[in-house]
J.: 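This is the structure I have questions about; it appears just below.
Note: hydrogens, waters and symmetry copies are ignored here, and every other heavy atom, side chains too, is used.
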Amino acid sequence: YAWDANEEYLFKAMVAFAMRRYSSKSTTQISNVLLCNMTDRVSFWFVVTDSSKNVTTVPGSEVEAAIRMNRNRINSAFLLNDKTLQFLKITSTLLPPVEPSTPVWLIVFGVVLCLIVAGIVFLVVAGIQQRKKKNKESTESENLEEKGEVTVTVENGIPCETLDLKAGHINGVFAADDERFTSL
């Protein structure tokens, strides 16, 4: 909204109200609040004069205390907050930023450490399972050999019989049923 004479009057009235509530005197009038060095960006400084003497200004500490005490009321009158209506030398009523009880770097370190530990545990468990699987396969092949079972393997799409290593294998071509031929 535009800052005009009505807004100036409202600001002066709010400062006079704050001064009256702070000092419990009803002598502070709107005419006692003087605005100086007004700019287009609504930046100015103001003083509050003492109504009984009208020449002396009220000490800055009293004005600061009065505004600090009625800060919410002034912000509400202009529909602003502490970020948009700023009084220099008067600390805002905003809460300080919340700092976590543990530092951020410690949280990040903990997450990375947990991921590393989980990876190591995964690798160890996978290695143990792989060894068990190899041992199981080797014992199964040993059991088959002990039983004497003949397994059929397929090479190049052709089934082949494996040799029975215990009984041996006789080649039928060279085996002689009867001796038709004379020996040399």
J.: In chain order, what residues pass the side-chain contact (heavy atoms from CB on, under 4.5 Å) check against Asp4, with sequence neighbours excluded?
T.: Asn6, Glu7
J.: Mind checking the CD1-NZ spacing from Ile128 to Lys133? Nearest 0.5 Å is all I need.
T.: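 Ile128 CD1 to Lys133 NZ: 16.0 Å, rounded to 0.5 Å.
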J.: Are Val58 and Trp45 connected in a single hydrophobic cluster, I mean Ile/Leu/Val/Met/Phe/Trp/Tyr linked by side-chain heavy atoms less than 4.5 Å apart?
T.: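 Per the 4.5 Å side-chain linkage, Trp45 and Val58 are not co-clustered.
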J.: Checking one residue: Leu115. Which other hydrophobic residues are in its cluster under the side-chain 4.5 Å linking rule?
T.: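 ILVMFWY cluster around Leu115 also holds Val111.
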J.: I'd like to know whether Thr102 forms a side-chain contact (heavy atoms from CB on, under 4.5 Å) with Ile107, so could you lay out the CA-CA distance, the side-chain angles of the two residues, the decisive distance to 0.1 Å, and finally the verdict.
T.: CA-CA 7 Å; Thr102 56; Ile107 295 170; 3.6 Å; yes
J.: Consider only side-chain heavy atoms of I, L, V, M, F, W and Y, link residues closer than 4.5 Å, and tell whether Val15 and Tyr9 are in one cluster.
T.: no
J.: What are the two closest non-hydrogen atoms of Ser31 and Leu34, and how far apart are they?
T.: O-CD2, 3.8 Å
J.: Report the distance from atom CG of Leu35 to atom CD of Glu8, rounding to the nearest 0.5 Å.
T.: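 The CD atom of Glu8 is 5.5 Å from CG of Leu35, to the nearest 0.5 Å.
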J.: Kindly compute the distance separating CD1 (Ile74) from CZ (Arg68), expressed to the nearest 0.5 Å.
T.: 11.5 Å
J.: For the backbone of Asn32 and the side chain of Thr49, can you confirm whether one donor and one acceptor N or O come within less than 3.5 Å of each other?
T.: yes
J.: Distance check, rounded to the nearest 0.5 Å: Met19 atom CE versus Gln29 atom CD?
T.: 12.5 Å
J.: Not counting sequence neighbours, which residues clear side-chain contact (heavy atoms from CB on, under 4.5 Å) with Leu106? List them please.
T.: Pro103
J.: I need the Arg73 CZ to Arg21 CZ distance, nearest 0.5 Å.
T.: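 Between atom CZ of Arg73 and atom CZ of Arg21 there are 6.0 Å.
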J.: What is the distance from atom CE of Met14 to atom CD1 of Ile30, rounded to the nearest 0.5 Å?
T.: 11.0 Å
J.: For the backbone of Ile67 and the side chain of Asn70, can you confirm whether one donor and one acceptor N or O come within less than 3.5 Å of each other?
T.: no
